[in-house]
Amino acid sequence: DVQVRNEATLQVEVPGGIRSGQTLRMDGEGAPGENGGPNGDLLVEIQIEEHEVFERDGDDLRLRHPISFPQAVFGDTVEIETLDGSVEMDVPAGTQSGETFRLRGKGMPRLRRRGHGDLYVQVRIVTPDSLNDEQREALEAFAEAGGEEIDVEKGFFEKLKRSF
């Protein structure tokens, strides 16, 4: 009885929402059965690559999104990238850095069930690394209005860093 090793290329339909470590069974695509019996099944173990933008948490996705100091203070509407295109998200006035907002139904499709998980967007306030003269004067005036003494020689942001 001679056994021949054979290599084949198969097309596999991967269902939306599948997770790393889960297995797909392809009936009759495995090794030939003994004594001319039917072929066995082929088991395909799935490994999901990490995404460059989204972090997966079950059916939910997580995302960090930068906002500016004025957007955090005054509120704004920002464009958020989702799996099916961008959507608008409201950032309320007074938002703090690290605050998380939930976009319902914008996460991963639920495997063999209806609906999608949620997308959690954590906002981060980005500190500018350079200011023009008008911005610098406005920020110094803002700090002084709050009772902070500004030593321009040492730099406004150095003073702020020491206060945290």
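The analysis underlying the following values was restricted to heavy atoms, covering all of them including side chains, and did not include hydrogens, waters or symmetry mates.
Every residue was checked against the ring-ring contact (aromatic ring centres under 6.0 Å, His included) condition with F74, not counting sequence neighbours, and none meets it. The side chain to side chain donor-acceptor pair (under 3.5 Å) check on N132 picks up nothing, with sequence neighbours excluded. Under the side chain to side chain donor-acceptor pair (under 3.5 Å) criterion, T23 pairs with no residue, sequence neighbours left out. Take F101 and apply the ring-ring contact (aromatic ring centres under 6.0 Å, His included) test, not counting sequence neighbours, and it matches no residue. Taking R62 as the reference, D57 meet the salt bridge (Lys or Arg N to Asp or Glu O under 4.0 Å) condition, with sequence neighbours excluded. Residues passing the side chain to side chain donor-acceptor pair (under 3.5 Å) test with S86 are E79, sequence neighbours excluded.
Here CG of L83 is found 7.5 Å from NE2 of H116. Values are rounded to the nearest 0.5 Å. Taking CG from L63 and CD1 from I80, the interatomic distance works out to 6.0 Å, rounded to the nearest 0.5 Å.
The closest donor-acceptor contact from the side chain of E88 to the backbone of V78 lies at 3.5 Å or more, if one exists at all.
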Residues 39-47 side chain polar contacts: donor-acceptor under 3.5 Å, at least two apart:
from: N39; atom 1: ND2; to: G28; atom 2: O; distance (Å): 3.4
from: D41; atom 1: OD1; to: G28; atom 2: N; distance (Å): 2.9
from: D41; atom 1: OD2; to: R25; atom 2: NH1; distance (Å): 3.3
from: E45; atom 1: OE2; to: Q47; atom 2: NE2; distance (Å): 3.0

Pairs of donor and acceptor atoms involving the side chains of residues 8-21, under 3.5 Å and at least two apart or interchain, shall be tabulated with distances.
from: R19; atom 1: NH2; to: D59; atom 2: OD1; distance (Å): 3.2
from: S20; atom 1: OG; to: I48; atom 2: N; distance (Å): 2.7

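Residue pairs meeting the ring pair (Phe, Tyr, Trp, His ring centres under 6.0 Å) criterion with at least one member in residues 27-51, sequence neighbours excluded, are H51-F54. The stretch residues 92-106 participates, sequence neighbours left out, in no side chain to side chain donor-acceptor pair (under 3.5 Å) pair at all. For residues 68-78, the side chain to side chain donor-acceptor pair (under 3.5 Å) pairs, not counting sequence neighbours, are S68-Q71, Q71-D76, T77-D90.
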